[in-house]
Amino acid sequence: MVSGLIALTACAGNDTPVNARSSGTTTTIAAPSCAKPATCTTRQLADAAGVLFGTAVSLQHLDEPDYQKTLLETFNSVTPENDLKWAAIHPKPGVWNFGPVDDLVAFAEKHHLAVKGHNLLWDQAPPSTSTTPKWVLAIKDPQRLRVVIRDHIATLMGRYRGKIDRWDVVNEPLETLGSAVQKNHFWRVLGNDYIAEVFRIAHAADPRAKLFINESTVEFMPAKAAALVALVKGLVARHVPINGVGIQAHLVSGTVDAARLEQLVGDLEALGVEVAITELDVPATAAVGPLQVQARTYAQALGACFVKRCREVTLWGFTDRYTWIDGAFKKGLAPLPFDVNYRPKPALDAIRQRLAAILPSN
Ligand code: XIL
């Protein structure tokens, strides 16, 4: 864990190494100095607070100067938004499209950013999403599917060993709007225990990596939240190598029940796993004062994490110019803390205040 006091008061050069907490290994973050919170970049605040503050990144935007500048001033962690998903990186048997993730990992190394791997397995049901390619969905023989999964995971975790130190191993294991385990392709072919199996495969591929389940909609569905806790409890009880749980937190209603979220973070941490908020965005849906409501919701989400041990928050993008919400829900809901022209919104201020509030000097 970083010492915020040192990071904030020692006016050393631009390449002072500061260790921000990363779940797997200690990640070295270069933190330029800043004298007091108001003069710090958001990234400096996160470094000093010992928080992994991340964003999903789409490689195609990285060459845009404002995109890159805003990213580097704000975050100390990145997650490839789509390029690591099975259909993108391994679209056919033996065909690998490593380029975009290689580029992101090189960018991250150059700028001392941590990288989270999203994701190794994701299949909704029904219908199956396109993130599992058709050739994998066509495999009905369990032994063959096991070999293919093992190869997929060993190849990716081997290639990025030491560079990607935390992974979403299974994304969305539970039904989107229910509480049962998704009866997806992997469940149908491998049986109910496929989640435990895949974690064991991932652990064998890189024993030092931190392995996460990543789940959606638990922020507003108490029964699903309870099912997630029960699922993780069962895995932990059987010594399945799971290290953490990601709560996606696409807060599509524009608000959050902070007490309930805090409770969920605490219930999961009580099982001995880490908790991270992994895909936070807040569509501005409120009719009155939407920017202020949005800012408050961001503050509540970060607060529910930081009040517990949770020290990792990733946003699903950062500029309203590029957000999956435009395509998946409705255009113009402007869910991110920078507007379409990279101007900070009240939400950014709310985030900065939450980070400043947990600086060791406070
Ligand atoms: C989304 C991406 O943001 C979109 O660009 C893509 O078209 C679909 O997937 N939960 C997840 C993410 O775990 O991988 C999803 O990302 C958003 C919901």
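Both counts, for ligands and for their atoms, begin at 1 and track the order of listing. The structure displayed is predicted, hence computed values, not measured ones. Any value given below was found using the heavy atoms of this structure, including those in side chains, with hydrogens, waters and symmetry copies removed.
- Here I201 contributes atom CD1 and R146 contributes atom CZ; the two are 8.0 Å apart, rounded to the nearest 0.5 Å.
- H111 and F107 have their aromatic ring centers within a separation under 6.0 angstrom.
- The side chain to side chain contact (heavy atoms under 4.5 Å, CB included) search around K224 returns L174, S179, E215, S216, T217, V218, M221, not counting sequence neighbours.
- Taking the six-membered ring where the residue is Trp, H118 and W122 present tilted rings, their angle falling between 30° and 60°.
- Aromatic pair W167/H203: centroids not less than 6.0 angstrom apart.
- Within the 6.0 Å centre-distance limit, the rings of H90 and W135 are counted as a close aromatic pair.
- Protein neighbours of ligand 1 below 4.0 Å, counting non-hydrogen atoms: E81, N82, K85, H118, W122, N171, E172, Q248, H250, E279, W316, W324.
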